[in-house]
Amino acid sequence: MNENIQTLKKWIDESDNVVFFGGAGVSTESGIPDFRSVDGLYNQKWKYPPETILSHSFFERNPEEYYRFHREKLVIDGVQPNRAHKRLAELEQEGKLRAVITQNIDGLHQAAGSKKVLELHGSILRAYCSRCRRPFPAEKMNHGTGLPRCRCGGIIRPDIVLYEEPLDQDIMSEAVHYIRSAEVLIIGGTSLNVYPAAGLINYYRGNKLALVNLSQTPYDSYADLVIHEKIGEVFSQI
Ligand code: CNA
């Protein structure tokens, strides 16, 4: 185990107030591509850039094309939590971890057994009618063909935060609360490029901020510990 991982392990061993804040990189080892890595969705060929397709105005204008992308790229069958998801769930059970705050929409933290999960960007495992707001089975949305419609005639949409849409303020406030009062904050698998989520780092007040990310982030110099390794491998050692 290298020195930085040893330090992170020591921080966790000595604390009962660890908070984790993560992104797409947490799920790449489960086989879900992130956005900004070389083999991420932003570097794959598609008719429109993903950030355009995943925007509110695009969904309104072109829901058919949105759903082609959604079903082909966002929904990946048979994915399972990896070592990072599982270890985080264990740390919660051990009374060490207070919350997982995630930008992911894949539900894998809950699948691993985590209870306190704040989903900043929603989940593709939930759906609702964009007109009457009635909930709709995600299975039908994720695996059906054509445009999913509610009985009121409205188009069904995933319960995710599209670009141009605001984040749920209650979830944001709760995330701020956990980060502000955390003793150890681990940020992992996120490029820290997507705002307002990335700005959450600024609420941390302690001196045990660990960044675990394969590539550099704009916040590396803020962190007390930086580990540029695969997060699943790091978590399997702590
Ligand atoms: P991003 O901008 O794609 O960044 C991911 C980061 O993770 C990159 O800096 C990578 O270097 C790093 N990374 C990739 N694999 C690993 C690994 N195994 N270990 C450690 N680091 C790794 O993604 P962000 O989460 O920062 O951006 C926020 C977007 C991405 C959110 O809106 C998400 O909804 C969206 N997203 C979510 C998923 C998902 O739910 N699994 C997948 C793809 C994108």
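Here the structure is a predicted model, which means the values were calculated and not measured. Residue numbers count from 1 along this sequence.
For the 3.5 Å distance criterion, the side chains of S173 and D170 fail to qualify, holding no donor opposite an acceptor. No side-chain donor from either of E229 and N213 sits under 3.5 Å from a side-chain acceptor of the other. A side-chain N or O of N82 and one of S30 form a donor-acceptor pair less than 3.5 Å apart.
A donor-acceptor pair is defined here as one N or O able to donate and one able to accept, closer than 3.5 Å; such a pair exists between the side chain of E164 and the backbone of S57. Under the 3.5 Å distance criterion, the side-chain polar atoms of R98 are matched with a main-chain donor or acceptor of D16. Panel note: side chain S123, backbone E119; no donor-acceptor pair is recorded below 3.5 Å. A distance-only check finds a donor-acceptor pair linking the side chain of H121 to the backbone of Q103 [under 3.5 Å]. Under a 3.5 Å cut-off, the side chain of N142 and the backbone N or O of E139 do not form any donor-acceptor pair. Counting only distance, with no hydrogens or angles, the side chain of K96 and the backbone of D13 share a donor-acceptor pair below 3.5 Å. Y48 contributes no side-chain N or O that, together with a main-chain N or O of F58, makes up a donor-acceptor pair within less than 3.5 Å. Listed for the S15 side chain is no donor-acceptor partner under 3.5 Å among the backbone atoms of I12. The main-chain N or O of F59 is never found under 3.5 Å from a side-chain atom of N62 such that the two would form a donor-acceptor pair. Under the 3.5 Å distance criterion, the side-chain polar atoms of S114 are left unmatched by any main-chain donor or acceptor of V117.
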Extract all donor-acceptor atom pairs below 3.5 Å that involve side chains of residues 150-160 and protein atoms in other chains or at least two apart in sequence.
| unit_1 | atom_1 | unit_2 | atom_2 | d |
| --- | --- | --- | --- | --- |
| R157 | NE | Y128 | OH | 3.4 |
| R157 | NH1 | E165 | OE2 | 2.7 |
| R157 | NH2 | I160 | O | 2.6 |
| R157 | NH2 | E165 | OE1 | 3.1 |
| D159 | OD2 | R126 | NE | 2.9 |

Only distances under 3.5 Å count here; give the side-chain donor-acceptor pairs of residues 230-238 to other protein atoms, sequence neighbours excluded, each with its distance to 0.1 Å.
| unit_1 | atom_1 | unit_2 | atom_2 | d |
| --- | --- | --- | --- | --- |
| S236 | OG | G232 | O | 3.3 |
| S236 | OG | E233 | O | 2.8 |
| Q237 | NE2 | E233 | O | 3.0 |

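Taking CG of D168 as the reference point, atom CG of L118 lies at 10.0 Å (rounded to 0.5 Å). Once rounded to the nearest 0.5 Å, the distance linking CG of L211 with OG1 of T190 reads 9.0 Å.
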- Under the side chain to side chain contact (heavy atoms under 4.5 Å, CB included) rule, what do K47 and E65 come out as? Steps first, then yes or no, please. CA-CA 9 Å; K47 218 163 135 189; E65 186 66 18; 4.2 Å; yes

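When hydrophobic clusters are built by joining Ile, Leu, Val, Met, Phe, Trp and Tyr residues whose side-chain heavy atoms come closer than 4.5 Å, directly or via intermediates, L162 is grouped together with F69. V19 and V212 fall into different hydrophobic clusters, where Ile, Leu, Val, Met, Phe, Trp and Tyr residues are linked whenever their side-chain heavy atoms come under 4.5 Å apart, directly or through other members. V194 and L167 end up in different hydrophobic clusters when Ile, Leu, Val, Met, Phe, Trp and Tyr side chains are linked at under 4.5 Å. Placement of L192 and F20 in two distinct hydrophobic clusters is found when ILVMFWY residues are connected by side-chain heavy-atom separations under 4.5 Å, directly or transitively. Placement of L214 and Y219 in two distinct hydrophobic clusters is found when ILVMFWY residues are connected by side-chain heavy-atom separations under 4.5 Å, directly or transitively.
Nearest heavy atom pair, residue P33 against residue T28, reads C-CG2, 4.4 Å. Nearest heavy-atom pair, K208 versus Y204, reported as atom, atom and distance to 0.1 Å: N-OH, 2.9 Å. Here the shortest heavy-atom pairing between R83 and E29 reads NH2-OE1, 3.9 Å. Closest approach of N104 to A24, counting heavy atoms only: OD1-N, 2.9 Å.
Around the CZ atom of R133, the shell of radius 6.0 Å holds no more than 12 heavy atoms that belong to other residues, nucleotides or ligands. Annotation for Y222: atom OH does not count as buried by contact number, only 12 or fewer foreign heavy atoms lying within 6.0 Å. Taking a 6.0 Å sphere around CD of E3, one finds it holds 12 or fewer heavy atoms contributed by other residues, nucleotides or ligands.
With sequence neighbours left out, K116 forms a salt bridge (charged side-chain N to carboxylate O under 4.0 Å, His left out) with E174. Taking the ring-ring contact (aromatic ring centres under 6.0 Å, His included) definition, one finds that Y203 meets it with nothing, sequence neighbours left out. Listed by chain and residue number, nothing satisfies the salt bridge (charged side-chain N to carboxylate O under 4.0 Å, His left out) test with E60 (two or more places apart in sequence, or in another chain). Residues passing the ring-ring contact (aromatic ring centres under 6.0 Å, His included) test with H70 are Y66, Y67, sequence neighbours excluded.
The side chain to side chain contact (heavy atoms under 4.5 Å, CB included) test with W11 singles out one residue from I186, V184, V18, and that residue is V184.
With respect to the salt-bridge test (charged N to carboxylate O, under 4.0 angstrom), the residues E92 and R87 do not qualify. Ion pair E14/K10 flagged as a salt bridge, since at least one NZ, NE, NH1 or NH2 atom sits closer than 4.0 Å to an Asp/Glu carboxylate oxygen.
Side-chain atoms of S27 and D106, non-hydrogen and from C-beta on, do get closer than 4.5 Å to each other.
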